[in-house]
Amino acid sequence: MQGLSCGTSRIVGCRFSIYPMADNFVEVILKALEEVDTSKVWMETDDVTTCIRGRSEHVFDVAKAIFIHAAKTGVHVVFNGTFSVGCPGDSEGDSYMSENDERLNEEASSKEKVEVATQFALYPMNNPDYMQIIADQVEVAKDHGTFTKGVHYASRLDGDANDVFKTLEQSFVNASKTHERSHVTMTVAISANSPSKKDN
């Protein structure tokens with residue numbers, strides 16, 4: 001990554017908050033964290049959000065697992081996060097890039113069936129072809145069977161959480177490969193067990 005200050009690797013990061021809509025929300029979050037193996041990512045929590053960073057597959061693996069373990073309780077849970085790769089200011093956590101590609105939480109996550117409604121928006125930074133890149137990833141979502149429709153400032157995905165996260169990850173990774181030094185961000189809002197009727 002010559003010319004940038006992001007070390008030697010393409011670190012992927014996700015800064016997110018998770019919101020269980022229940023009086024025992026602390027218990028739901030802590031229990032979910034206990035069930036997730038985070039040993040292959042750099043992770044830090046402050047009073048606003050949690051940040052996870054490392055290889056793409058491990059960042060998505062951990063984010064998905066935390067959400068699924070919280071949502072499998074049946075409580076209405078919302079995940080709100082921003083994924084990023086190629087940020088010029090990213091400089092910590094390179095050591096986690098040497099991890100192998102085995103996903104530590106995939107087996108447990110795949111056993112859970114959680115229906116979700118999702119809105120995501122992809123931002124390929126400083127790329128004149130950004131609209132085509134976004135359109136190509138909508139086609140990916142259609143191929144996965146998770147795409148529902150376009151909405152203002154986002155695209156709507158519905159389905160099992162494992163399938164939706166697969167769509168999000170592939171779309172993000174595809175967009176990040178469109179240019180050698182591309183900076184791509186993706187905003188995601190995911191809801192499970194909502195008492196509100198889905199508006200598809």
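If you're wondering where the values come from, they're calculated on a predicted model, not measured in any experiment.
Distance check: Gln137 CD to Leu168 CG gives 11.0 Å after rounding to the nearest 0.5 Å.
Between the side chain of His69 and the backbone N or O of Lys64 there is no donor-acceptor pair closer than 3.5 Å. For the pair Ser109 (side chain) and Asn105 (backbone), a donor-acceptor distance under 3.5 Å is present. Checked by atom type and distance alone, the side chain of Ser155 never pairs as donor or acceptor with a backbone atom of Val151 at under 3.5 Å. Side chain of Asn80 to backbone of Ile18: no donor-acceptor contact under 3.5 angstrom is found. A distance-only check finds a donor-acceptor pair linking the side chain of Lys40 to the backbone of Glu102 [under 3.5 Å]. Remark: the backbone N or O of His183 is not paired with any side-chain donor or acceptor of Asn126 at under 3.5 angstrom. Between the side chain of Asp129 and the backbone N or O of Gln132 there is no donor-acceptor pair closer than 3.5 Å. No donor-acceptor distance shorter than 3.5 angstrom exists from the side chain of Ser182 to the backbone of Val184, with no hydrogens or angles considered.
Nearest heavy-atom pair across Val77 and Ala70 is CG2-O, 3.8 Å. The minimum heavy-atom distance linking Phe83 with Ala63 is given by the pair CZ-CB, 4.2 Å.
Between Tyr123 and Ser84 there is no side-chain heavy-atom pair separated by less than 4.5 Å.
Electrostatic pairing of Glu139 and Lys142 counts as a salt bridge here, judged by a charged N lying under 4.0 Å from a carboxylate O. Ionic pairing of Arg103 and Glu169 is present here: one or more N-O contacts between side-chain nitrogen and carboxylate oxygen are shorter than 4.0 angstrom.
The aromatic rings of Phe67 and Phe165 are tilted relative to each other, their planes meeting at an angle between 30° and 60°.
Cluster annotation: Leu122 and Phe16 are assigned to the same hydrophobic cluster (Ile/Leu/Val/Met/Phe/Trp/Tyr, side-chain heavy-atom contacts under 4.5 Å, transitive).
For an aromatic pair to be called close, the ring centres must be under 6.0 Å apart, and Phe60 with Phe172 satisfies this.
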